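First the proteins, then the strands, lettered A, B, ... as listed; each starts at 1. Just so it is clear, the values below take in all heavy atoms, side chains as well, and ignore hydrogens, waters and symmetry mates. In this text the structure is predicted, and so the values were computed from the model without any measurement.
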Amino acid sequence: MSGWTDHLGEFAEGVLNTVLLTVFSTLGAVLVALVITAFRICPVRPLRAFGTGYVELFQNIPLAVWLVLFVFGLPMVGISFELFPTAVLATALYMASYYAETLRSGINAVSSGQAEAARALGLGFGQSLRAVILPQALRTIIQPLGNVTIQLLMNTALAAAVGVVELTEATNRVNLVLAEPLPLYVGAGVCYAVLAMVISSGAGVLERKLVIPR
Amino acid sequence: MTSVLFDVPGPRARRRVRVATVVAIAAGLVLLALAVRQFAVNGELAAQRWAPYGSWPMWRYLLGGLGGTALAAVLAVALAMAAGLLVAFGRVSRHLVLRAPARAYVEVIRVIPLLLLIYFAMFALPRYGLDLPLLWKLVLPIAVSRSAQFAEIFRSGFRSLEAGQGEAAAALGMRPSQSMRHVIFPQAVRRVVPALISQTAGVVKDTSLGIVVSYAELLQSAKVLAGYNRLLIQTYLIIALLYFAINYALSRLARTIDARQRQSGRYEPVSSPSPARRGLGRIRSATATSGDAPRRGRVKA
């Protein structure tokens with residue numbers, strides 16, 4: 001147990017990378033998901049098909065395969081970024097399909113009377129979406145969105161499989177030196193639990209602020 | 001819902017939609033052309049780079065990997081489902097001694113990444129004298145990690161039954177365990193079949209982490225094969241297609257059963273695969289996959 005303090009830096013770097021991966025992937029995923037959801041409910045048929053296709057494609061192929069394709073495949077066709085942004089890109093595109101699915105279910109949960117009322121007031125598609133549907137839809141799915149974000153946090157660990165030194169990989173490397181697996185892996189698990197708690201309590205706070213009592 | 005978002009389009013709206021359709025198709029074609037060009041410029045479209053996958057030995061190898069994936073997935077699903085069922089029984093138990101640990105188990109497991117569990121099985125367990133075979137280094141962590149999800153599915157199934165079912169069983173003089181066995185469980189399981197199937201697709205995806213433990217499932221086989229024949233993109237695209245085919249079939253099956261159960265109208269299937277955090281109603285209303293309109297009234301209650 002003596003060498004623990006020497007490796008705190010590596011551990012901290014791992015945590016930092018996990019947090020960065022999570023934050024950037026979440027931002028990217030939410031952006032993509034908003035676009036995809038907009039496609040899926042718009043009146044233009046090819047865009048709807050594209051939105052559905054996107055969700056099916058990304059949900060049905062494992063993230064590990066996407067990561068391998070992006071990290072090792074893209075350079076073969078002359079597209080290469082640094083490792084970290086590539087991992088963020090793959091994670092974000094993959095998780096976007098889950099965010100999109102959640103967003104759509106939120107929109108489905110808004111009663112159709114709301115949309116009809118908006119239309120009766122003369123609001124167009126974009127207006128009714130912006131002023132009536134989305135505000136209600138987003139409020140109902142804060143908790144599920146938090147769950148998807150926790151899932152994203154769990155999935156950032158997969159970046160270790162393509163060589164990003166995030167929390168899981170950092171733990172692994174420190175373990176190779178210290179050979180104290182039990183405390184190290186439990187420690188990493190606790191770190192993930194704390195991060196997940198931050199996300200879910202954030203979602204809880206947001207929900208309590210925004211919820212409309214009915 | 002989506003259809004009530006916009007009116008039946010008039011002439012101007014129809015024209016706009018038509019223009020947007022043309023633009024969208026054009027943009028799609030341009031993107032596709034760019035992608036194909038990128039492949040062609042880098043020589044990845046050359047016939048001899050795809051020809052090997054017209055031959056049997058390559059496929060035999062990949063199908064071997066597919067067999068590995070199937071074996072791992074079946075074992076993991078069976079284990080995770082059994083464990084999940086036990087935990088779910090614990091979660092709906094009357095006794096706090098069972099309820100509290102079951103709940104803690106679910107809450108803890110769902111915030112630990114699968115890869116961390118796999119590393120634990122690979123590097124920590126051997127040190128404490130438990131060196132599992134490769135297959136089990138993959139299957140056990142998946143089973144542990146998914147058991148929490150299965151537990152939540154079963155629990156939401158138990159909870160989705162009308163209170164009258166349990167009350168009627170009690171009125172007939174059944175003890176809680178009898179009522180669970182004869183009344184609650186058989187009905188609940190039927191409702192959660194679609195969710196169980198979509199969770200199975202998730203397990204199939206999890207097995208791709210065989211690449212970390214070097215267990216010869218599909219992704220690991222592809223890695224080995226690509227290292228041998230240098231056809232990296234081709235190999236990975238083909239296995240991506242295989243994964244897609246399997247999981248798409250599973251999710252279609254889940255949706256078909258879901259739709260059939262809805263149509264029969266006797267009960268609403270529990271289609272939410274995500275673990276409920278606070279009360280079932282909210283989660284079910286928010287993550288249901290399709291056709292929410294008729295069920296809303298009940299969910300809000």
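Comparing B:L125, B:L116, B:V17, B:L114 by heavy-atom pairs within less than 4.5 Å of chain A, the highest count is held by B:L116. When B:M122, B:R16, B:E44, B:R127 are compared by the number of non-hydrogen pairs under 4.5 Å with chain A, B:R127 comes out ahead. Between chain A and the options B:F244, B:Y128, B:F39, the largest number of non-hydrogen pairs under 4.5 Å is found for B:F244. Counting heavy-atom pairs closer than 4.5 Å to chain A, the top residue among B:V212, B:V204, B:L219 is B:L219. Among A:A157, A:A137, A:A196, A:A161, the residue with the largest count of heavy-atom pairs under 4.5 Å with chain B is A:A157. When each of A:L195, A:V186, A:L47, A:L182 is scored by its heavy-atom pairs under 4.5 Å with chain B, the top score falls to A:L182. Chain A forms the most heavy-atom pairs under 4.5 Å with one residue out of B:S251, B:A240, B:A24, and that residue is B:A240. Counting heavy-atom pairs closer than 4.5 Å to chain B, the top residue among A:M76, A:Q59, A:R45, A:Q151 is A:M76. Between chain B and the options A:F50, A:F39, A:Y185, heavy-atom pairs under 4.5 Å are most frequent for A:Y185. Per-residue heavy-atom pair counts under 4.5 Å with chain B were compared for A:A160, A:A188, A:A179, and the maximum is reached by A:A179.
Judged by distance alone, the side chain of A:R48 and the main-chain N or O of A:C42 form a donor-acceptor pair under 3.5 Å. Between the side chain of A:W66 and the backbone N or O of A:T91 there is no donor-acceptor pair closer than 3.5 Å. With B:N42 contributing its side chain and B:Q38 its backbone, the two residues share a donor-acceptor pair below 3.5 Å. A donor-acceptor contact shorter than 3.5 Å is absent between the side chain of A:S25 and the backbone of A:T22. Side-chain atoms of A:R40 never come within 3.5 Å of backbone atoms of A:V35 as a donor-acceptor pair (strictly under, hydrogens ignored). Of the possible donor and acceptor atoms, one in the side chain of A:Q136 sits under 3.5 Å from a partner among the backbone N and O of A:V132. Judged purely by atom type and a 3.5 angstrom limit, A:R139 uses its side chain to pair as donor or acceptor with the backbone of A:L210.
Interface remark: A:L158 contributes backbone and side-chain atoms alike to the contact with chain B (heavy atom separation under 4.5 Å). Looking at B:A20, the atoms closer than 4.5 Å to chain A (heavy atoms on both sides) sit in the backbone and in the side chain alike. Of the two parts of A:L57, the backbone and the side chain both hold a non-hydrogen atom closer than 4.5 Å to a non-hydrogen atom of chain B. Looking at B:I239, only its side chain comes within 4.5 Å of chain A, counting heavy atoms on both sides.
Under the salt bridge (Lys or Arg N to Asp or Glu O under 4.0 Å) criterion, no residue pair touches residues 23-41 of chain B, with sequence neighbours excluded.
At a heavy-atom separation below 4.5 angstrom, chain A is approached by no residue within residues 220-229 of chain B. Scanning residues 163-172 of chain A against chain B with a 4.5 Å heavy-atom cutoff picks out A:T168, A:E169, A:N172, ordered by number.
Summarising the geometry, atom OG belonging to A:S200 is positioned 11.0 Å from atom CD belonging to A:E207; distances are rounded to the nearest 0.5 Å. Distance check: A:Y54 OH to A:I36 CD1 gives 5.5 Å after rounding to the nearest 0.5 Å.
No salt bridge links A:E116 with A:R119; every basic N to acidic carboxylate O contact stays at or beyond 4.0 Å.
Listed by chain and residue number, nothing satisfies the side-chain hydrogen bond (donor to acceptor under 3.5 Å, both in side chains) test with B:S208 (two or more places apart in sequence, or in another chain).
Remark: the A:T149 side chain and the A:Y99 side chain contain an N/O donor-acceptor pair separated by less than 3.5 Å. There is no side-chain donor-acceptor pair under 3.5 Å between B:Q149 and B:R110.
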Residue pair B:R146, B:E152: steps toward the salt bridge (charged side-chain N to carboxylate O under 4.0 Å, His left out) verdict = CA-CA 10 Å; B:R146 287 280 168 182; B:E152 286 304 281; over 6 Å; no
Quick one: do A:L152 and A:I199 satisfy side chain to side chain contact (heavy atoms under 4.5 Å, CB included)? Show the steps, please.
-> CA-CA 11 Å; A:L152 185 147; A:I199 293 172; over 6 Å; no
